[in-house]
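Worth knowing before you read on, the calculation uses all heavy atoms, side chains too, and leaves out hydrogens, waters and symmetry mates.
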Protein chains: 2
Amino acid sequence: MIPPDHPRYRSLVIRERLARCAREGVVALEGLTAHGRAEAFDYLIGERSTASAREAARVAAALVYQARHPVLSVNGNTAALAAAECALFQEVTGCDIEVNLFHRTEERITRITRILEDEGATVLKGTPERCIPLQHDRALCLPHGIGSADLVLVPLEDGDRCEALREMGRTVVTIDLNPLSRTARKASLTVVDELTRALPLIVEAYRGMSPAEADTLVSGYDNTYLLKAAIAEIVRELSRALD
Amino acid sequence: MIPPDHPRYRSLVIRERLARCAREGVVALEGLTAHGRAEAFDYLIGERSTASAREAARVAAALVYQARHPVLSVNGNTAALAAAECALFQEVTGCDIEVNLFHRTEERITRITRILEDEGATVLKGTPERCIPLQHDRALCLPHGIGSADLVLVPLEDGDRCEALREMGRTVVTIDLNPLSRTARKASLTVVDELTRALPLIVEAYRGMSPAEADTLVSGYDNTYLLKAAIAEIVRELSRALD
């Protein structure tokens, strides 16, 4: 039991939940390390949604708003951390949800699907095909899901697939706490924020979106600028420790 | 298999080794998350020993040089990452090595001891007692080890124990990649560097140490200054991404 007055209480509770999900096979062991990296970057932005993250979330909402066939790609970490937020995102935006895993087994797909469904999400099913030119199992997608999506929202993504999807001409929106990562730099748009904070921000922006506002946001954004703003926030946060 | 030309090859190989050690019970699942946090900070200092880390390593060597009874405290992550470096450190400095775990089981103690012994280290044994005022199992130490040490070298430490040891008047030297962590701030001295780089640096400095040099280093250092220098290095590294 973690004492609720521990200075890192929330962080420790989430860490324990992920460890439990790893024991149950939902989260890959490598996913725990990935979560640790995310924790470090979240710490550096002060564990809050920064101004640039809020702006990026509005652009993300606009991109999803304009997409013909948006698909939310869910992996083990995303399901463990934010299944309810994914379900709400689907309810509001009407997007498809597909489970896509680096460490893919049928058992993990089934478990992750169940976690999402328990929160009310509808998860695409079918026989996956090698839709993306990659060596590993993240190439496997559903032809009626990511295979035919014009926009893929990929929280906690690996750089390889992000790059491959971009080369296929897809719009890739990622949620990644590391503004320097390959994923962050290769994506069409990166929301540098923690997942359970970012998804509700995108949902909120989507709810109030108009066609005109979506046009303005999509034509006016610059991902490199947003990433630099995120880096500048970290520098500001760190510089306070130098005073 | 990770392709050797992958941009993050070394990092991925170490991550896989830790995942394997977690499957074998050597590394706790929470240890994988901790490693991820360390990876993020290592990334931010450019995955090299900075000037301030080299200076801190020399001070660490001087503190160990002057100690009456230095003990290296080893946990699962330390054994998985740097068992050979720990054995070399012991060979050169003559320190004791004790296994001390947050998630303590006899089986984990035995496995970690074996990993260290396989690299040639001598590991203290005996019946642990509650030597440190802490609620959790890190309180358990050997009376002839950490219990009577004047200096404890604790790589990858948690903040609670660091603080408790300091309050008991012990010199605590830590190796911690996060210069903002409680451990880093509470320790007598923090080497902000990756473990397999830091331990050899301390060994090298120890080898060339004289009593006079040790005196000068120990009387002249300021941990807060060293931590600020480490933070400034991160700020410099990040600022390059803003150009």
Task: Proximal component of Leu12(A), with respect to chain B [non-hydrogen, under 4.5 Å] - done: neither

Open item on the list: I'd like to know which of His35(A), Gln135(A), Glu39(A), Glu30(A) tops the heavy-atom pair count under 4.5 Å against chain B.
Closed with: Glu39(A)

TODO: Select one option (side chain, backbone, both, neither) describing which atoms of Leu18(B) are under 4.5 Å from chain A's heavy atoms.
DONE: neither

Task: Arg182(B) versus chain A, the contacting section by heavy-atom distance below 4.5 Å - done: side chain

Open item on the list: Under a plain distance cut-off of 3.5 Å, with no hydrogens placed, do Thr110(B) and Arg114(B) share a side-chain donor-acceptor pair?
Closed with: no

TODO: Can you tell which part of Ala34(B) gets under 4.5 Å to a heavy atom of chain A, answering side chain, backbone, both or neither?
DONE: neither

- [ ] Would you confirm whether Asp193(B), through its side chain, and Arg54(B), through its main-chain N or O, come within 3.5 Å as a donor-acceptor pair?
- [x] no

Open item on the list: Donor-acceptor check, side chain of Glu194(B) to backbone of Thr196(B), threshold 3.5 angstrom: yes or no?
Closed with: yes

Open item on the list: Is it the case that the side chains of Ser181(A) and Arg37(A) hold a donor-acceptor pair, with the cut-off being a distance below 3.5 Å and no angle test?
Closed with: no

Task: Arg197(A) bridged to Asp42(A) by N-O distance under 4.0 Å - done: yes

Task: Pick from Pro179(A), Ala241(A), Ala22(A) with the largest number of heavy-atom pairs that fall under 4.5 Å of chain B - done: Ala241(A)

Task: Ile109(B) backbone acceptor or donor facing Arg104(B) side chain under 3.5 Å - done: no

Task: Partner chain B: residue of Leu227(A), Leu177(A), Leu180(A) with the largest heavy-atom pair count (under 4.5 Å) - done: Leu180(A)

